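Comments concern the structure below.
Treat the numbers as computed from the prediction; the structure is a model and nothing was measured. Positions are given from 1 along the sequence. Hydrogens, waters and symmetry mates are skipped; everything else that's a heavy atom, side chains included, is used. Read the numbers this way: they start at 1 and go in the same order the structure lists the ligands and their atoms.
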Amino acid sequence: MTLMAQKQSVRRDILKARRDFHDSAAAQAATKAACGHLLELLAPHQGKAIAGYMPIRSEIDPLAAMAALVPHGPVAVPVIEGENLPLNFHRWDHKTPMETGQFGAMIPIHAQPITPQVVIVPLVAFSRAGHRLGYGGGFYDRTLARLRAQGAVFAVGLAYGVQEVDSFATEGTDQRLDAVVTQAGARLF
Ligand SMILES: Nc1nc2c(c(=O)[nH]1)N(C=O)[C@@H](CNc1ccc(C(=O)N[C@@H](CCC(=O)O)C(=O)O)cc1)CN2
Ligand SMILES: Nc1ncnc2c1ncn2[C@@H]1O[C@H](COP(=O)(O)OP(=O)(O)OP(=O)(O)O)[C@@H](O)[C@H]1O
């Protein structure tokens with residue numbers, strides 16, 4: 001099996017598990033618990049520019065944590081600039097007028113670009129070693145590579161516990177996470 005086919009097979013299995021959990025009665029409490037753990041983990045980073053994301057499909061919803069961070073410093077959300085390009089981040093708060101962006105995630109109508117020092121990363125699957133798999137566009141891999149080339153960045157994956165896998169095949173461009181937060185707590189890598 002090629003590397004891409006192996007990743008695709010993990011994506012398919014974990015997306016089903018994520019969807020099932022997201023649709024279950026346990027999802028709401030898990031989201032609340034994970035947002036609490038995320039805020040605790042990010043307390044030492046308060047005041048830094050922080051990128052979150054607008055959830056799509058069965059992704060865990062980070063908005064409660066993002067809203068709590070807004071009074072402390074700039075919060076931003078990802079915006080696609082084009083295929084094979086890193087993401088940009090535009091400033092967000094709960095009053096920002098939004099429109100639907102590519103692939104369905106909401107983006108601010110008026111762009112206020114931000115360079116984040118902390119990135120809350122959406123993901124499909126994560127491994128015990130701190131690797132992540134997204135939807136396969138390579139957007140976050142390119143984005144974290146660029147941010148890390150520019151300076152220190154703390155990348156924290158946010159996920160339901162069911163998205164963990166022992167390991168999966170990786171390639172050189174796969175960017176590791178610094179931490180993952182689930183409803184069970186935060187893990188540093
Ligand atoms: N909430 C959220 N916002 C985000 C991302 C994300 O993963 N989550 N992104 C992170 O990159 C970017 C959006 N990128 C995305 C890229 C692909 C697909 C997607 O659904 N892909 C198809 C397969 C596409 C194809 O290969 O033709 C799929 O999974 O069905 C979704 C989002 C920016 N914003
Ligand atoms: N920095 C990079 N430069 C060039 N190509 C890259 C880079 N990062 C990733 N890629 C390529 O992008 C493609 C998709 O990568 P991958 O399958 O790891 O995406 P993903 O991590 O699931 O997606 P995302 O990062 O958007 O969540 C792969 O072909 C990979 O080689």
Side-chain angles (χ1 to χ4, degrees), residues 1-19 21-22 27 31 34-35 38 50-67 69 75-92 94 96 98-109 111 113-116 118-127 129-150 153 155-160 163-165 167-178 180-182 189:
M1 227 198 319
T2 63
L3 181 103
M4 283 303 264
Q6 287 180 51
K7 284 187 171 182
Q8 207 48 42
S9 148
V10 175
R11 267 187 203 105
R12 190 172 352 97
D13 293 349
I14 299 297
L15 275 175
K16 175 164 182 3
R18 189 180 78 174
R19 210 153 38 230
F21 187 82
H22 187 75
T31 299
C35 282
L38 181 62
I50 300 185
Y53 61 90
M54 303 303 290
I56 53 173
R57 304 181 195 163
S58 56
E59 287 173 346
I60 189 168
D61 186 343
L63 287 171
M66 288 162 60
L69 290 163
V75 174
V77 297
V79 176
I80 294 177
E81 299 298 340
E83 214 183 318
N84 302 329
L85 290 177
L87 298 164
N88 278 339
F89 295 94
H90 294 171
R91 192 157 182 174
W92 170 91
H94 41 283
T96 304
M98 306 290 279
E99 63 187 346
T100 303
Q102 263 185 64
F103 296 111
M106 303 298 281
I107 59 170
I109 291 175
I114 296 265
T115 299
V118 173
V119 182
I120 302 165
V121 185
L123 53 87
V124 173
F126 68 95
S127 73
H131 281 104
R132 67 172 280 285
L133 270 185
Y135 290 112
F139 287 106
Y140 271 94
D141 289 324
R142 288 187 181 83
T143 306
L144 291 174
R146 179 173 70 174
L147 291 171
R148 283 172 168 152
Q150 292 170 346
V153 57
V156 49
L158 187 63
Y160 295 124
Q163 291 170 251
E164 177 168 353
V165 296
S167 68
F168 43 75
T170 55
E171 56 194 308
T173 49
D174 285 327
Q175 293 285 316
R176 291 260 303 259
L177 297 165
D178 297 299
V180 166
V181 170
T182 68
F189 298 107

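Taking every heavy atom of Asp174 and a limit of under 4.0 angstrom, the matching atoms of ligand 2 come to 18 (O). For ligand 1, the atoms closer than 4.0 angstrom to any heavy atom of Pro122 are 6 (C), 7 (O), 8 (N). Residue Leu87 approaches ligand 1 through these ligand atoms, each under 4.0 Å from one of its heavy atoms: 33 (C). Residue Gly134 approaches ligand 2 through these ligand atoms, each under 4.0 Å from one of its heavy atoms: 20 (P), 21 (O), 22 (O), 23 (O), 27 (O). If you number the atoms of ligand 1 from 1 as listed, the ones under 4.0 Å from a heavy atom of Ile56 come out as 1 (N). Close contacts of ligand 1 with Pro78, meaning ligand atoms under 4.0 Å from a residue heavy atom, involve 34 (N). For ligand 2, the atoms closer than 4.0 angstrom to any heavy atom of Tyr140 are 24 (P), 25 (O), 26 (O). Using a 4.0 Å cut-off to heavy atoms of Tyr140, the atoms of ligand 1 that qualify are 9 (N), 10 (C), 11 (O).
The shortest heavy-atom contact between Cys35 and Asp61 is SG-O, 3.5 Å. Here the closest non-hydrogen pair linking Val118 and Val153 is N-CG2, 4.4 Å. Listed here is the closest heavy atom pair of Ile60 and Ala34: CD1-CB, 3.7 Å. Here the closest heavy-atom approach between residue Thr143 and residue Leu87 is recorded as OG1-N, 2.8 Å.
With contacts defined as side-chain heavy-atom distances shorter than 4.5 Å, the pair Leu133/Val165 does not qualify. In this structure the side chain of Arg18 reaches within 4.5 angstrom of the side chain of Tyr160, judged on heavy atoms. Between Thr96 and His90 the shortest side-chain heavy-atom distance does not fall below 4.5 Å. Between Trp92 and Leu63 there is a side-chain heavy-atom pair separated by less than 4.5 Å. Counting heavy atoms from C-beta on, the side chains of Asn88 and Pro113 never come closer than 4.5 Å. By the 4.5 Å heavy-atom criterion applied to side chains, Tyr140 and Gln175 are not counted as neighbours. For the pair Met54 and Ile107, the minimum side-chain heavy-atom distance is 4.5 Å or more.
At the shortest separation from atom 23 (O) of ligand 2 among protein heavy atoms lies Gly138 N, 3.0 Å. In terms of protein heavy atoms, atom 26 (O) of ligand 2 is closest to Phe139 N, 2.7 Å. In terms of protein heavy atoms, atom 13 (C) of ligand 1 is closest to Ile80 CD1, 3.5 Å. The nearest protein atom to atom 9 (C) of ligand 2, hydrogens excluded, is given as Thr173 OG1, 3.5 Å; this is a heavy-atom distance. Looking only at heavy atoms of the protein, atom 21 (O) of ligand 2 is closest to Asp141 OD2, 3.1 Å. When hydrogens are left out, the protein atom nearest atom 28 (C) of ligand 2 is Glu171 OE2, 4.0 Å; that is the closest non-hydrogen contact.
At a heavy-atom cutoff of 4.0 Å, ligand 1 is contacted by no atom of Val79, backbone or side chain. Counting heavy atoms closer than 4.0 Å to ligand 1, residue Glu59 contributes side-chain atoms (C-beta onward) but none from N, CA, C or O. Residue Leu123 does not touch ligand 1, judged by heavy-atom distances below 4.0 Å.
The protein reaches atom 3 (N) of ligand 1 closely, with a heavy atom under 4.0 angstrom from it. The presence of a protein heavy atom under 4.0 Å from atom 33 (C) of ligand 1 is confirmed. There is no protein heavy atom closer than 4.0 angstrom to atom 25 (C) of ligand 1. When distances from atom 22 (C) of ligand 1 to the protein are checked, no heavy atom turns up under 4.0 Å. For atom 8 (N) of ligand 1, a protein heavy-atom neighbour is found at a distance under 4.0 Å.
When the heavy-atom distances from atom 1 (N) of ligand 2 to Arg142, Lys7, Met4 are ranked, the shortest goes to Arg142. Relative to atom 28 (C) of ligand 1, the option among Arg11, Arg57, Gln8, Glu83 with the closest non-hydrogen atom is Arg57. Counting heavy atoms only, Tyr135 comes closest to atom 29 (O) of ligand 1 of the residues Tyr135, Phe89, Tyr53, Phe139.
A distance of 13.5 Å separates NZ in Lys7 from CE in Met1, rounded to the nearest 0.5 Å.
Remark: side-chain polar atoms of Arg19 are not paired, donor with acceptor, to backbone N or O of Arg57 under 3.5 angstrom. For the pair Gln163 (side chain) and Leu123 (backbone), a donor-acceptor distance under 3.5 Å is present.
Residue Arg132 places a heavy atom less than 4.0 Å from ligand 2. At least one heavy atom of Ala105 sits less than 4.0 Å from an atom of ligand 1. Taking a 4.0 Å cut-off on heavy atoms, Arg11 registers as neighbouring ligand 2.
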**Request:** Mind running side chain to side chain contact (heavy atoms under 4.5 Å, CB included) on Asn84 and Arg142 for me, showing each step along the way?
**Result:** CA-CA 8 Å; Asn84 302 329; Arg142 288 187 181 83; 3.4 Å; yes
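Heavy-atom neighbours of Glu83 CD from other residues, nucleotides or ligands within 6.0 Å: at or below the threshold of 12.
Looking at ligand 2, you'll find an N or O of Gly136 within less than 3.5 Å of one of its N or O atoms.
For Glu59, the salt bridge (charged side-chain N to carboxylate O under 4.0 Å, His left out) criterion is met by no residue, not counting sequence neighbours.
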